[in-house]
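Below is one structure, written out as C-alpha cells; comments come after it.
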Amino acid sequence: MKTKIVNYPDLVAARNREKSETVFFDASTLHLDEMKKIASGKKYYIHTYGCQANVRDEETMRGMLESVGYKKTEKPGEADVIIINTCAVRENAEDKVYGEIGNLKKYRRANKKLVLGICGCMVEQPEILQILQDKFPEVNLYFGTHEIDQLLDLVYEVYSSDIRLISIKSKQGEVIENKNVVRNNEYKAYVNIIYGCNKFCTYCIVPYTRGKERSRKFSDIMDEVRELKKANYQEITFLGQNVNAYGKDLDEGHDFADVLEEAAKMGIPRIRFTTSHPWDFSSKMIEIIAKYENIMKCIHLPVQSGNDEVLRLMGRRYDREHYLNLVKEMREKIPGLSLSTDIIVGFPNETEEQFQDTLSLVDIVKYESAFTFIYSPRRGTPAAKMVDNVTYKEKSRRFQELVKHLEVNIEKDALSYVGHIYKVLVDGVSKTDENMLSGYTESNKLVHFKGDKNLVGKIVDVKILESHTYSLIGELVNG
Ligand code: 5AD
Ligand code: SF4
C-alpha cells in the first residue's frame, strides 16, 4: 500500500504565532454525492480520548458521517469507518491509544475496505506519527485537528484509491463553522467559543497541536446557544483552552463576560465554562458570574503549582500572590462558589520545599474538586529539555500526599451537603441498578438517588442523605 503525504506535522511551524487576522470559513465537502453512495448501509465507530474539545470534535465528525448516511455503532467489528480521536497531553493517554489500535488492526486485515483513521493531538507530533506508522501498517488514514472539516473527502480518497493518507498541517489555524453536528447528549451541550492556545506553558503540548487562539464570531456562538435553547437543552458549557481570551483576536468589541451575559439572558437553565487561565480572569467576568442565577457558580482555575519559582519555570504568567488574591476576590463576590483546579507534581527539579508550597496553597484555597497529574515530559516542549533530578518514586509519593491534602477539604465540603436539598440535573441511569439515577448539582457534585428513568434530562430536587469523597447519596423530594 502506498502512502500519500498531503501534509506532515512540523513542531517549528506549530510554534508560529505571527500576527495574522482570524480567518473564517464554512465547512464544505467536495465528494458529497459520491460519499452518499459509499456510506449507504454502512457504519462508523469513533472512540475519543482526552478533553472536552476532543469530545466536541467527535460530535462534528459524527455529524459529517451521519449527514451522508453512515450509522453509528458501538462495535468496531461492524464498522466500515473507525476513527480513534487521540490526546497528547500526557504519556498515559498515548499508551492507551497504542493498546487500542493493536486491538483494532485485525478488523482491517479482515476488511480491506475498512477506513482505519487516527486523528487528534497525538498525530500532530512528528515523532509519534512516525512511531504509529512503523507500528501499525494497518492504519490507512491520519489527519490532524485542523483537518476535521475535511473528514468526508479524506475518507473518500482512502476508500476509493487504496492508499495510506497523511494529512496533518501544523498551522495557526482558522475558525471553521461546521453546521454538521450530532451531539452525544440531548440536554447537555458543549459550545466552542475559542480554539487554540497562545500561552505556551513550558510543559504543555496543546499550543502546538491546536494552533493559535482564535475566537468564533459572537453572532455564531449566540446562534448556536439560541438553537440549543429552542431544543430544550438544560445545560451548556462554553469551551476554550482559555475562555478568558475570547474576543482578543477580533475587533467585534465583545469579551468573554459578554458571551456569558448574553447567553444568561437567553434563559438556558445552566451555563458552565472551562477552562480559565488565572492570568487574565477579569473582575468584569466575576461580576457577571455573580449577577446571573443561571451561570453556575463553578470556576475551574488551574493553579499547577503553589511555588513562585516553579510557576515561573512553567511559564504560567502569575505568581502565588496573584492567584490567591484572585481567589479571594472570587470568594468575596460570588457566594457559594465552587472552585476546582489542575495541579502538576514533579515538574523537573521541583524541590520538597517547592512541593510543600503547593500543599499549603491547597490548604488555603480549599478546592471543592481537583485534577492532579504527575508531570509527563512532552517531546518538543521546553520543559522536556530540562534535566530532572526527581525520581518517579518521589513524584508518586508527592502525588499521594497531594491527593490526601485535597481530600480533606473535598470530604468536608461533601459532608456539608447532608440534610439539605439541591437541584440536580439527571444525567442517566446507573449501569448496575436501573432504579438508581445519577446527576449533578449546580456546584457539580455527583449525586446518586432512586428514581424513574423518565427523569433523565430533567432538573429535580434531591435531599442529600449521605456523603462520600467523590459522590453523594440522596432521595428525590416529592416522590
Ligand atoms: N504533564 C502533566 N500534566 C500536564 N498537563 C498538561 N500538560 C501536562 C504534562 N506535560 C495538565 C495541566 C493542564 C491539564 C489539562 O493537564 O494540569 O491544566
Ligand atoms: Fe496548555 Fe497552558 Fe495553554 Fe492550558 S494555558 S492549554 S496548560 S499551554
Side-chain angles (χ1 to χ4, degrees), residues 11 14-15 17 49-56 86-95 120-122 124-125 128 145 172-173 192-215 237 239-246 248-249 256 273-281 299-307 310-318 323 339-350 355 358 361-362 367 369-386 388 390 392 395-396 398-399 402-403 406:
L11 289 184
R15 252 204 96 85
R17 289 297 182 272
Y49 293 85
C51 66
Q52 292 98 332
N54 264 17
V55 174
R56 185 61 187 77
T86 64
C87 169
V89 110
R90 284 171 296 277
E91 196 176 351
N92 52 7
E94 293 183 336
D95 291 342
C121 288
M122 233 174 122
E124 296 277 346
Q125 307 165 94
I128 301 286
T145 60
Q172 304 203 69
N192 283 315
I193 63 165
I194 180 167
Y195 302 101
C197 182
N198 289 349
K199 302 288 181 290
F200 286 102
C201 300
T202 56
Y203 51 81
C204 185
I205 195 71
V206 170
Y208 303 81
T209 64
R210 287 204 169 260
K212 71 167 179 180
E213 285 173 357
R214 53 213 193 274
S215 306
T237 302
L239 290 186
Q241 300 304 333
N242 178 20
V243 290
N244 315 358
Y246 175 79
K248 290 182 184 173
D249 56 315
F256 179 54
F273 55 94
T274 194
T275 292
S276 293
H277 195 293
W279 176 67
D280 52 1
F281 205 110
I299 299 177
H300 185 62
L301 198 67
V303 67
Q304 314 297 1
S305 165
N307 175 269
V310 176
L311 287 171
R312 193 184 65 74
L313 290 170
M314 286 178 163
R316 288 292 290 176
R317 307 170 184 223
Y318 56 85
Y323 187 92
L339 266 180
S340 57
T341 198
D342 293 342
I343 300 173
I344 299 175
V345 298
F347 189 75
N349 305 317
E350 181 191 56
F355 170 64
T358 298
L361 180 131
V362 159
Y367 294 104
S369 76
F371 297 97
T372 46
F373 311 103
I374 292 181
Y375 167 71
S376 171
R378 305 285 71 207
R379 221 176 280 182
T381 61
K385 296 188 194 91
M386 296 176 188
D388 190 359
V390 191
Y392 194 78
K395 291 181 196 227
S396 302
R398 290 182 192 170
F399 181 83
L402 173 64
V403 171
L406 285 159

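Order of appearance sets the numbers: ligands from 1, and atoms from 1 within every ligand.
- For atom 7 (S) of ligand 2, the closest non-hydrogen atom of the protein is Tyr203 OH, 3.4 Å.
- Within the 4.0 angstrom cut-off, atom 4 (Fe) of ligand 2 has no protein heavy-atom neighbours.
- Taking a cut-off of 2.8 Å, the protein N, O or S atoms nearer than that to atom 2 (Fe) of ligand 2 are Cys201 SG.
- With a 6.0 Å cutoff to the six-membered ring centre and a 45° limit on the axis angle, Arg378 does not count as a cation-pi contact of Tyr203.
- With rounding to the nearest 0.5 angstrom, the CG atom of Asn198 is 11.0 Å from the NE2 atom of His277.
- The aromatic rings of Tyr318 and Tyr323 sit tilted, their planes meeting at an angle between 30° and 60°.
- Phe200 is linked by a ring pair (Phe, Tyr, Trp, His ring centres under 6.0 Å) to Tyr208, counting only residues two or more places apart in sequence or in another chain.
- Here Phe373 and Phe399 keep their ring centres 6.0 angstrom or further from each other.
- For Val390, the side-chain contact (heavy atoms from CB on, under 4.5 Å) partners two or more places apart in sequence, or in a different chain, are Asp388, Glu394, Lys395, Arg398.
- Under a cut-off of 6.0 angstrom, the local environment of CZ in Arg379 is sparse, with at most 12 non-hydrogen atoms contributed by other residues, nucleotides or ligands.
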Pairs under 3.5 angstrom, nitrogen or oxygen on both sides, ligand 1 versus protein: list them out, please.
residue, atom, partner, partner atom, Å
ligand 1, 1 (N), Ser376, N, 2.9
ligand 1, 10 (N), Tyr203, O, 3.0
ligand 1, 10 (N), Ser376, O, 2.7
ligand 1, 16 (O), Arg90, NH1, 2.9
ligand 1, 17 (O), Gln304, OE1, 2.7
ligand 1, 17 (O), Gln304, NE2, 3.4
ligand 1, 18 (O), Gln304, NE2, 2.9
ligand 1, 18 (O), Asp342, OD2, 2.6

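- Remark: the His300 side chain and the Thr275 side chain contain no N/O donor-acceptor pair separated by less than 3.5 Å.
- Between Lys212 and Asp249 there is no salt bridge, since no side-chain nitrogen of the basic residue lies less than 4.0 Å from a carboxylate oxygen of the acidic one.
- For the residue pair Glu94/Gln125, the side-chain donor-acceptor check at 3.5 Å is satisfied.
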